[in-house]
Asks: 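Dropping the structure in here first, questions after.
Nothing fancy with the numbering, it's 1 onward along the sequence. In this text, all values refer to a predicted model and were calculated from it rather than measured experimentally.
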Amino acid sequence: PTDQRELLIFVCSPDVSPLANALPEAQDVKATCKGVVEIKNGGTAQELRQQLLAVPTRRFLFTGHADASDPSGAGHTLGFTKPGGGLELVKRADIAGVLGRHGATALSGVRLELFFANGCCSEELGRAAFAAGVPTVVCWRTVAWDPAARLFAKTFFEAIAKDGYDYRRAFEEAVSALRLVTHVKPAGADEPAYQLCSPDESQGIHNGPAWPQGRWCRASTARLAPAPAEHLARLQPVCSARAWPPPLPRGCHHRASPC
């Protein structure tokens, strides 16, 4: 057993709505990190509590669905996975409480300093975890396109592994990585695949700051939207949550799960 863990990753890809990029994302992230990194391919909320209690952990990455309906009837929560691939839902407030305890108080000299909720519409949970005591939270405002979420996480953790990179600078590197992805239009010319703009805009460019003001470490959101003969993922800094989208079919590449 290890004395402390640099990063714990929960990969939750339930049978009802599997995510092709979830496990590869975790493996990408692990390859960039220093120290002890543990990947749990599947896991329940109870297992998360036990893992954090058993080994002091600096960072926690959840990759999966984060916009399932909260059992309380209000807002969104994480979609954990039970043995066998079934979807498990627990109240957002209870998850935040578990994370907050480890963020507010050090265990064997180590506190949970980062919660990265890499799933659709995770802002509500992010705010709750931050309020409960986690010092830094990265989350998504709207639905997240699976490949974009994978690239964002990989770049973020790759950056914080570098000497002198704090969470803010790592965030900016991850935003830059998304900005610099290109795709080929039908006419044959490459153009940026992602734009920092309002989710309600179709293809308008938003030139505002990528990093919102305040203490929060907030990720941009990626939302897949149809465009002529292609797809355009739109990005915007976190500011408020969007409504829960309709249930998605099995195999969909959005990090969303059915109610």
Asks: Ion pair present between E172 and R168, side-chain N to carboxylate O less than 4.0 angstrom?
Replies: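 Answer for the salt bridge query: no.
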Asks: Working to the nearest 0.5 angstrom, can you tell me the gap between D28 CG and L151 CG?
Replies: 9.5 Å
Asks: Quick one: OG1 on T136 to CZ on F171, what's the gap to the nearest 0.5 Å?
Replies: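 CZ of F171 is found 12.5 Å from OG1 of T136.
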Asks: Please check this pair: side chain of N21 against backbone of D146, looking for a donor-acceptor N/O pair closer than 3.5 Å.
Replies: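 The answer is no, because no donor-acceptor pair under 3.5 Å joins these two groups.
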Asks: Once rounded to the nearest 0.5 Å, what's the spacing between atom CD1 of I160 and atom NZ of K162?
Replies: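 Between atom CD1 of I160 and atom NZ of K162 there are 12.0 Å.
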Asks: Please check if the side chain of S122 supplies one atom and the backbone of A117 the other of a donor-acceptor pair under 3.5 Å.
Replies: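 Answer holds: yes.
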Asks: Which heavy atom of L23 sits nearest a heavy atom of V11, and at what distance?
Replies: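 What the structure gives for the nearest pair is N-CG1, 3.7 Å.
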Asks: Taking all atoms of both residues into account, what is the closest heavy-atom pair of L78 and L125, and its distance?
Replies: CG-CD2, 3.3 Å
Asks: Is the closest basic N to carboxylate O distance between K34 and D163 below 4.0 Å?
Replies: yes
Asks: Has T81 got a side-chain atom pairing as donor or acceptor with G79's backbone, closer than 3.5 angstrom?
Replies: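 Side chain of T81 to backbone of G79: no pair is present.
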Asks: Determine, for E124 against R92, whether the closest basic-nitrogen to carboxylate-oxygen distance falls under 4.0 angstrom.
Replies: yes
Asks: Would you please indicate yes or no on a ring centroid separation below 6.0 angstrom for F80 and F62?
Replies: yes
Asks: Could you grab the distance from atom OG1 of T32 to atom CG of L7, nearest 0.5 Å is fine?
Replies: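 Spacing of OG1 (T32) from CG (L7) equals 8.5 Å.
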Asks: Donor-acceptor check, side chain of R111 to backbone of G103, threshold 3.5 angstrom: yes or no?
Replies: yes
Asks: Between atom CD1 of I95 and atom CG of L48, what is the distance when rounded to the nearest 0.5 Å?
Replies: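 Reported value, rounded in 0.5 Å steps: 8.0 Å.
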Asks: With rounding to the nearest 0.5 Å, note down the distance linking CG in L8 to CD in Q51.
Replies: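 The CG atom of L8 sits 5.5 Å away from the CD atom of Q51.
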Asks: Is the distance between the ring centroids of F10 and F60 under 6.0 Å?
Replies: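 Centroid separation for F60 and F10: below 6.0 Å.
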Asks: Identify whether the distance between the nearest side-chain nitrogen and carboxylate oxygen of K154 and E25 falls below 4.0 Å.
Replies: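 E25 and K154: not salt-bridged.
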